[in-house]
Amino acid sequence: MFDPTYIDSYSNIDAPYQRLDARGKIIVTLAFVVIMAVSVNDRPLRVIPFSLHVIFLAAISRLSPKVLLRRMLPALPFFLFASLALGFSKGSHAAVAAFLKAFFSVLSVIILVSTTRFSNLLKGLEGLNLPTILVSMIFFVYRYLFIIADEYGHIKIARESRNFSGSKRWQWKAIGHSVGTLFLHSYERGDRVYSAMVARGYEGNIRTLGIQAITRADIIFVAISVIYLLSAGLISWKLL
Amino acid sequence: MHIPDGFLEPEVWAPLTAVSASAIAYASKKVSKNLDERKVPLMGVIAAFVFAAQMVNFPIGGGTSGHLMGGVLIATIMGPFAALLMISTVLIIQALLFQDGGITALGANIFNMGIVGAGLGYLTFKGLNSVTGNLNFAVFTASWLSVVTAAGIAAAELSISGVIPLTVSLPAMTGVHAIIGIGEGAITIAALGLISGVSVDVFYGVQTVKVQRRPIPWILLAVSMSVALFIAPFASEFPDGLERVAESLGFLERGTPKVTSPLPDYQIPGLSGGISTSMAGVVGVLVTFGLAYMIIKMLRRRHR
Amino acid sequence: METVIEIKNLTYLYPIGNKALDNLNLSVSQGERVAVVGPNGAGKSTFILHLNGILNGDGHITVMGMTMEKGNLPKIRQKVGIVFQDPDHQLFSPTVFDDVAFGPVNLGFSEKEVKDRVREALEEVGLSGFEERLPHRLSFGEKRRVSIASVLSMSPSILVLDEPSSSLDPRSRRELITLLKGFDITQIIVTHDLEMALELCKRVVVMDRGAVVADGNISEILGNEALMLEHGLEVPHSIRFTHFHTHDHEGEADKHCHTHCHPHPETHEHKERI
Amino acid sequence: METVIEIKNLTYLYPIGNKALDNLNLSVSQGERVAVVGPNGAGKSTFILHLNGILNGDGHITVMGMTMEKGNLPKIRQKVGIVFQDPDHQLFSPTVFDDVAFGPVNLGFSEKEVKDRVREALEEVGLSGFEERLPHRLSFGEKRRVSIASVLSMSPSILVLDEPSSSLDPRSRRELITLLKGFDITQIIVTHDLEMALELCKRVVVMDRGAVVADGNISEILGNEALMLEHGLEVPHSIRFTHFHTHDHEGEADKHCHTHCHPHPETHEHKERI
Ligand SMILES: Nc1ncnc2c1ncn2[C@@H]1O[C@H](COP(=O)(O)OP(=O)(O)OP(=O)(O)O)[C@@H](O)[C@H]1O
Ligand SMILES: Nc1ncnc2c1ncn2[C@@H]1O[C@H](COP(=O)(O)OP(=O)(O)OP(=O)(O)O)[C@@H](O)[C@H]1O
Ligand SMILES: [Mg+2]
Ligand SMILES: [Mg+2]
């Protein structure tokens, strides 16, 4: 889970989907997930037109199925068990439908983040009116996530090296102290990062180098996708 | 407790998304105004800390382990609004980058862990601290309650959507989390103890609450929450030991996909009954929460 | 030579009460390369944070003719580039490009100008082609270079580095020294690495307890054993050996000894005054 | 002398795929003090994490006669004390006492025994009376000493230190050297500080790309310029100067030169073999 390289690793492939504006891609992904969630209900067949859309996106982004599946792997066991539970209470159709919905939703999100540089994704979110403070925080979590997780890893190693064991109470206390220490480290780091940013002219909001321009291709892509998804929802509602 | 896409009904996630979105908007405004907005990097790095803290594993016995939620921990240090933003940030990152929790379920997950887990936990902490004056007791109870409540509400959401009847999921979820909550409470106390030993200004807003003189609503709130979420389901039809429940429904805890028996072998009660029970549960919790929110608003006005 | 930094009676207390700077005085001339040394906790990093107004103690600071005050901060921050000790604190962007571009973007340059500056800065530190790399996946030495590039891209007139050689392996340290030697802008180098200081600088400032306790010719001061010991320092090997031979074979002295190793009276006076 | 650490064909791949250790072989005798040097990323820290079973690569490791395997871990971890590079990663308790007591408590000693051990360990590093201080509020050098005390309190038979001198001021570094010289247990010291290695150790192990590329007498190996340059290192000043004079005044050589500065043939052979 903690290999940071995989996050941006496919965003540099030169493929049609990678070249589109982040905002358009976010809107289409949201439309996909929401329309599918609302229209499929308990009918597995209704997922078909939606799956076609995802497969189309995967194709124009030149992501290999292997890569996509590998990234999805950690989420699959939960989907299986939850749909199994659903199967007992609502029947097999509902279970299969839920599983497919979960599967393709995740797939669409993976395609979105794999084909969009994280910084562009953030610019996109900001462009879509997510509060600036939240976007900035996402930016910093993304940047410091691995560093701080690693730091906890170091503390844990130091703990293990001194034969960490004993009663549960004692262990909880020691773990609590490690968490407190980690907080202090993070706090100090945050303070210094702030200094470093101020030193380079930061005055309160993160400025970026010109947001991507929305081209005709973006508008066509969003329009066609949304129309397709809506009609897929409506038609499958009638027919399947 | 990270609910993925596909399992919640729109009737559940749509309103929760609205609630969470408004809460985030409000908290953003609040934090931008109150905290020094130029300290956004600090908030961001601490949010990364919350992410890391949520990966902290601790033993809960029987060879299993729980994950820290950290809602009360971060809310007592940074305040409930900053905490809500931090937890939301973490959930967004988890959904986008780690496929942990869905997009349509994001509102629900933020509601469970940010609003209920951190917000309600913080209120409980503040209330109990002002009533009893016992910091550790307040921290422990609030942490425990936040974990149990968040789990209970997640169970309710899943059951309204028909995934697992509440009569099964509620005792299971709250049962497991009643144990995890003890670890959460103990760890939060130790962590806050260490942090407050180093920096003086840790407990956000505690000073103002200490002079507060109307303890009764807080006691009522705490007691009713515990009864509603923990004791009641156990008094009902499933007196199975906690161990058993933990085992059979362990898959609801993220990070433990190795569970073998996905479903308990007892009869699954009729759907309609399940839904009505769970509806009642959720409405109850929502009302309680609304009440708590109004109370804290009133208190705040008194102290301005 | 023109004075570019002038500090008078600078005193700073951290909020929790410890006096980190205590009546510090210093002036630095255009184009000088000054080493700042002193024990852990002497106040070196605190001092550095005053050079571009991140901290704001009592006293008087002028940078390139501008008084340190709110209105001048943007201009001063453009002139003074600070490389912090820990690159992880300095590199906060998702890619090397974004990080090196951060300063220029904040300074409001055009997109083209920003890109040019990034390219040049990366070239200067020998990291052309690293634009799309993730900063947290670089080796320590590479991170340090990116930190330097991210400051160079703002074309500072004064470069300030806080312990730039720590945790570098000898080769990376050597490369760093060559890099710094190549710049002819004013440089202030805070370090515990006295050998590096000797190689790079003609002048050294010794700090202890928040004040300057010695200031002058580097080989004189670092060769002064009593002074070094008093302030948590040590006479570097390269001076010690040369020194040793100076006494042994007086005639050979000049061959290996570029420095005059007897304590300079002024240094002592300085020390006692404070 | 008895062999206390025996490592055969140790190979380790990090999960994301880079080979950090590549067929490493090493044996260390009772009471030896061995320096481990090498460029950034050579695999030194990775190697250390194998000495008490935190990492578990392919190969064969024996520590004091015990094979590295799950059942032996508690005993091995009691014998091998590791001081990590960053004291902030090692110290996580609210007070110095708690931190130094952490190991002994885990080993199940009685309260009195724990207290005695903490007192002794703090005494050994010169920090008696620091029991109630907060680790966060100590100077870097003091933190380093607490880290060492927190390992000494477990009475290890083998002390392993990862870059103990980095970021220390020269005085603290000197104190550290004196401290380590005072212990007569087996020590493995990973460092970029070649001067310190020279002062402390008779034997050096040079690592690069996960393998041992040279192993033997420290002044021979560190004096071998070609070898040093090839592996991102540098001949330390103290050898270079001595070396220089050795040629200049042959008669004086022994006076300043404790070391034989010509590359030892075995070293070369070693290097080429791997
Ligand atoms: N954020 C802070 N809050 C309170 N005190 C601080 C803070 N930062 C540093 N100090 C204290 O101020 C003094 C000077 O610290 P400073 O970091 O400037 O030292 P330094 O010379 O850079 O040391 P080092 O060589 O270890 O980097 C020290 O006593 C230190 O403990
Ligand atoms: N957690 C990790 N995951 C993946 N690769 C790692 C990890 N830690 C280290 N590495 C890689 O393994 C190799 C050896 O790293 P190691 O930390 O052992 O080097 P080192 O010799 O200690 O270097 P330094 O002198 O910089 O401390 C390096 O290439 C490094 O990038
Ligand atoms: Mg410093
Ligand atoms: Mg290392």
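A quick note: this is a predicted structure, and the numbers were derived from the prediction, not measured. So you know, we letter chains A, B, ... as the sequences are listed, proteins then strands, and number each from 1.
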Run the ring-centre check on D:Y12 versus D:H50 and record whether the distance is less than 6.0 Å.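 For D:Y12 and D:H50, the ring centres are under 6.0 Å apart.
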A:F32-A:F104 aromatic ring centre distance below 6.0 Å: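 Distance test on ring centres: not under 6.0 Å, no.
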Please examine the side chains of D:N25 and D:V212, heavy atoms only from C-beta on, and report whether any two atoms are closer than 4.5 Å.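 Contact flag for D:V212/D:N25 side chains = no.
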Largest heavy-atom contact set with chain A, pairs under 4.5 Å, which of [options]:
options: D:Q90, D:Q78, D:M154, D:H136; value: D:H136
options: D:D86, D:I82, D:L107, D:V105; value: D:V105
options: D:L91, D:D99, D:V80, D:V151; value: D:D99
options: D:G103, D:S93, D:P94; value: D:P94

Output yes when a side-chain donor or acceptor of [X] lies under 3.5 Å from a complementary backbone atom of [Y], and no otherwise.
X: D:T11; Y: D:N23; answer: yes
X: A:R143; Y: A:I138; answer: no
X: D:E142; Y: D:S139; answer: yes

Nearest 0.5 Å, please: how far is CD in D:E163 from OG1 in D:T191?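 The CD atom of D:E163 is 6.0 Å from OG1 of D:T191, to the nearest 0.5 Å.
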Where along residues 185-192 of chain A does a heavy atom come under 4.5 Å of chain D, listed by residue number?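 If one takes a 4.5 Å heavy-atom cut-off, the residues of residues 185-192 of chain A near chain D are A:H185, A:E188.
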Among D:N72, D:I7, D:N52, D:I158, find the one that has a side chain to side chain contact (heavy atoms under 4.5 Å, CB included) with D:V63.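 Among the candidates, only D:I158 passes.
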Checking D:D98 now: which residues fulfil salt bridge (Lys or Arg N to Asp or Glu O under 4.0 Å) with it, not counting sequence neighbours?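 By the salt bridge (Lys or Arg N to Asp or Glu O under 4.0 Å) rule, D:D98 matches no residue at all.
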By salt bridge (Lys or Arg N to Asp or Glu O under 4.0 Å) - contacts of D:K75 (at least two apart):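 D:K75 satisfies salt bridge (Lys or Arg N to Asp or Glu O under 4.0 Å) with no other residue.
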Going by residue number, which parts of residues 30-46 of chain D are within reach of chain A, meaning a heavy-atom gap below 4.5 Å?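 None at all.
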Is D:F102 close to chain A through its backbone or its side chain, or both, or neither, when contacts mean heavy atoms under 4.5 Å?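 D:F102 touches chain A through backbone and side-chain heavy atoms alike.
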Side chain, backbone, both or neither of D:S153 within contact of chain A (heavy atoms, under 4.5 Å):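 Contact with chain A is absent: no heavy atom of D:S153 under 4.5 Å.
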Below 4.5 Å, heavy-atom pairs only: which of A:G180, A:G166, A:S178, A:G176 has the largest tally toward chain D?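 The residue among A:G180, A:G166, A:S178, A:G176 with the greatest pair count is A:S178.
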[X] [atom1]: over 12 foreign heavy atoms closer than 6.0 Å:
X: A:F56; atom1: CZ; value: no
X: A:K173; atom1: NZ; value: no
X: D:R119; atom1: CZ; value: yes

